[in-house]
Amino acid sequence: MVKLTNAQVLAAAAPDRLVNVISAPGSGKTTIAAERYGYQRYQAGDLRGVLGLTFNRAAAAELRRRIEVRWGANCIRPAHRVVTFDHLHVELLTHLLNEGKVTWPNGATTLDVRDDYRGVKGFRFLPVGSYVRFAGLSNARSVVSKSRKVTKPEAGIGSVADHRAVLDAGSVSHEDVRSILRAAMQVDELQQVAADWLSANYRAAIIDEVYDADDLDLYVTYLAAEAGLSVTLIGDPWQALYKWRGAKPEVVERLLDGTSDQFVAYEQPESFRFLGEQMPQLAASLRAGAGAALPDTASSDVDVALARNWTQLWSVGDNILPLAFRTVNNATDAAMNLLLDVVTRARLGTASYGREGAITKLGLDREHFQAKQDEVFAPLVESLLAGKDEAEVLEDLREAVKSLGVRKPSRLSDENEATVRLQLSRLAARLKESAVIPGLTVFQAKGREWERVGVVLSRAQLAALASGLRALEEEHCIIYVAITRAKRFCGQLSGSSEHDVVSLPLDV
């Protein structure tokens, strides 16, 4: 039987139609979501469904598991369900197609929805200044291919003919589903159709980690609230990190203030994460906006190292093995990532971060590469361990990529070549360590916890910490989330303040 605090009970069984649960780190957000879901599911007298919404499949699976353990399998049988926002958006678009309110190029009403366009003709890495295709609506409400200029390197379809061919075949990515619905929600009639569909099918919605939501997610939430559904938001403005992937935490505040009825706040200040003396007091001070300082610590005394970006993690302890070198911007970066992947899988039991994007960037056949990766790349790891010159290893790496049947990565500028050789030197130092700990960016660490955490803080971040952090400010949230991953101890890694975060890119 789950034992709840008084604050959790009040939030889970709140009689208010619109509820905003503000949860500190480790306060049991998913527990509250499962309790609230079951409480609303078993309210008698309304056969419409209760809807649980999360932002990725793993979170949805975990919430479903918690609900089933707590309330039984019947709790999540149709019309009651727990799905991702992506899943809900597909269903909403399908409804608009079935009602004839939006038309697909070939008249399709059932779509082949995929995570992205990887593997289809024309999908490739697009440089800055080129154009990427996306799906939108014409004035006649037909789905069409449109374009926008690429402002930072990304994977996508650049050719209008290739994109139209995908859409004509009835295929679409989740991102294109979102762009179509964004256009649809600009049309008053389609807004009303969406609101009516939500109201006809659901009586309540519970949204976990609402500060991860983007503008479309929040607009659908607004429509649900205005259509009379009971809406419960669960999240923490101190952990709003994902502006880089489209999250709009400031829009959550507008949602809270903009509905016809007011959301009622239920604070969850008690954390089950923090132990000992340092962390409970430190976490409370941070949330109160009070200035704070962290003790210096060595990388040998912590379980994980966290930083704003990957570059910072490579120079604060040779026993720290980051999961990436930097964001993949070119073919050599991609090759380096896949070399690192051999090491991280062997030493940490986890893939490098950005592995799939690196495979795409190089144009590798994924299945063939997986079968050959260790055979082709392991000798390079051995060469580094034996002390072979980094320039020679880099040339060997490029030849190894070529041997996999794709174009050999080109030589970079002298400055960038030197950077890559330095990366190889740092990787070689890790290979000589008997034991290593993972190095992660704060974005990969959110939602996780470790006993002892070392953080890399720049001078600017240290100044912000000393003067007091503020909720919803992205840089302050990064610091807050990094520190609050620790259960018992958090320290500043020695020498970390030498890094100037302003001059370094945001790696995610």
Side-chain angles (χ1 to χ4, degrees), residues 118 124-127 153-155 309-315 318-433 436 438-441 504-505 507-508:
R118 185 178 289 120
R124 59 189 179 86
F125 208 71
L126 300 169
E154 63 178 289
N309 55 52
W310 298 110
T311 305
Q312 294 170 300
L313 291 164
W314 284 97
S315 57
D318 286 350
N319 69 315
I320 297 169
L321 180 58
L323 298 187
F325 289 110
R326 60 181 180 180
T327 300
V328 171
N329 292 317
N330 54 59
T332 298
D333 286 345
M336 288 288 288
N337 182 286
L338 297 178
L339 175 63
L340 177 63
D341 178 67
V342 174
V343 181
T344 61
R345 284 187 291 108
R347 300 298 300 275
L348 298 173
T350 188
S352 63
Y353 182 77
R355 181 179 191 270
E356 293 302 318
I359 293 172
T360 300
K361 173 63 180 171
L362 291 170
L364 295 165
D365 177 272
R366 190 172 182 277
E367 290 187 10
H368 175 70
F369 171 72
Q370 284 184 310
K372 292 287 188 179
Q373 181 183 8
D374 289 343
E375 175 187 336
V376 171
F377 284 72
L380 304 176
V381 176
E382 293 300 321
S383 294
L384 281 175
L385 187 58
K388 188 173 183 179
D389 180 75
E390 288 84 8
E392 294 180 31
V393 175
L394 178 54
E395 180 59 25
D396 292 344
L397 175 61
R398 287 174 169 142
E399 290 293 340
V401 170
K402 182 181 177 182
S403 75
L404 292 167
V406 297
R407 182 178 175 181
K408 179 181 176 180
S410 302
R411 179 182 168 83
L412 307 174
S413 68
D414 289 348
E415 181 182 357
N416 284 330
E417 286 284 305
T419 297
V420 176
R421 291 196 299 271
L422 177 60
Q423 291 172 345
L424 286 170
S425 173
R426 287 172 168 170
L427 180 57
R430 271 72 180 173
L431 295 173
K432 296 178 174 66
E433 293 286 330
V436 292
L440 304 172
T441 69
L504 292 169
D507 289 340
V508 295

Task: Interatomic spacing from CG in L427 to CG in L384 - rounded to 0.5 Å - done: 5.5 Å
Anything under 3.5 Å between a donor and an acceptor, one on a side chain of residues 392-399, the other on a protein residue two or more places apart or in another chain? List them.
| residue | atom | partner | partner atom | Å |
| --- | --- | --- | --- | --- |
| E395 | OE2 | K408 | NZ | 2.6 |
| D396 | OD2 | K388 | NZ | 2.6 |
| R398 | NH1 | E417 | OE1 | 3.4 |
| R398 | NH1 | E417 | OE2 | 3.3 |
| R398 | NH2 | T332 | OG1 | 3.1 |
| R398 | NH2 | S410 | O | 3.4 |
| R398 | NH2 | E417 | OE2 | 2.5 |
| E399 | OE2 | K408 | NZ | 2.8 |

Open item on the list: If the condition is salt bridge (Lys or Arg N to Asp or Glu O under 4.0 Å), which residues does R426 pass it with, not counting sequence neighbours?
Closed with: none
- [ ] Only counting residues at least two apart or in another chain, list the ones meeting side chain to side chain contact (heavy atoms under 4.5 Å, CB included) with A334.
- [x] V328, A358, K361, L362
Open item on the list: Could you measure the distance from the CG atom of L385 to the CG atom of L380? Nearest 0.5 Å is fine.
Closed with: 12.5 Å
Task: Separation of E390 CD from L422 CG (nearest 0.5 Å) - done: 8.5 Å
Open item on the list: Once salt bridge (Lys or Arg N to Asp or Glu O under 4.0 Å) is applied, do any residues pair with E375, and if so which ones, sequence neighbours excluded?
Closed with: K372
Open item on the list: Which label fits F325 and W314: parallel for a plane angle under 30°, tilted from 30 to 60°, or perpendicular past 60°?
Closed with: parallel
Open item on the list: Do V376 and S403 make a side-chain contact, defined as non-hydrogen atoms from C-beta onward lying under 4.5 Å apart?
Closed with: yes
Open item on the list: I need the N319 CG to R430 CZ distance, nearest 0.5 Å.
Closed with: 8.0 Å
Task: L338 vs F369 side-chain heavy atoms within contact, under 4.5 Å - done: yes
Open item on the list: Let's go through R326 and T419 carefully: what are the C-alpha distance in whole Å and the side-chain angles of both, what is the deciding distance for side chain to side chain contact (heavy atoms under 4.5 Å, CB included) to 0.1 Å, and is it a yes or a no?
Closed with: CA-CA 11 Å; R326 60 181 180 180; T419 297; 4.1 Å; yes
- [ ] Determine the minimum heavy-atom distance between F125 and P153, stating which atoms define it.
- [x] CE2-CB, 3.6 Å
Task: Contact check, side chains of L323 and L313, non-hydrogen atoms, under 4.5 Å - done: no
TODO: List for me each residue that meets salt bridge (Lys or Arg N to Asp or Glu O under 4.0 Å) alongside E382, sequence neighbours excluded, and say none if there are none.
DONE: none
- [ ] With sequence neighbours left out, write down each residue that passes side chain to side chain contact (heavy atoms under 4.5 Å, CB included) with A391, or none if nothing qualifies.
- [x] D389, R421
Task: CD1 on I359 to CG on D341, rounded to 0.5 Å - done: 7.5 Å
Open item on the list: Between R355 and N337 (side chain of the first, backbone of the second, donor and acceptor by atom type, cut-off under 3.5 Å), is there such a pair?
Closed with: no
Task: Least distance between heavy atoms, D333 atom then N329 atom - done: OD2-N, 3.1 Å
Task: Spatial distance of atom CG (L340) from atom CZ (R345) [nearest 0.5 Å] - done: 10.5 Å
- [ ] Would you check if R366 and R118 make a side-chain contact, meaning some heavy-atom pair closer than 4.5 Å?
- [x] no
TODO: For residues L440 and W310, report the shortest heavy-atom separation together with the two atoms involved.
DONE: CA-CZ3, 3.8 Å
TODO: Ignoring hydrogens and angles, tell me if any N or O in the side chain of T344 forms a donor-acceptor pair with the backbone of S352 under 3.5 Å.
DONE: yes
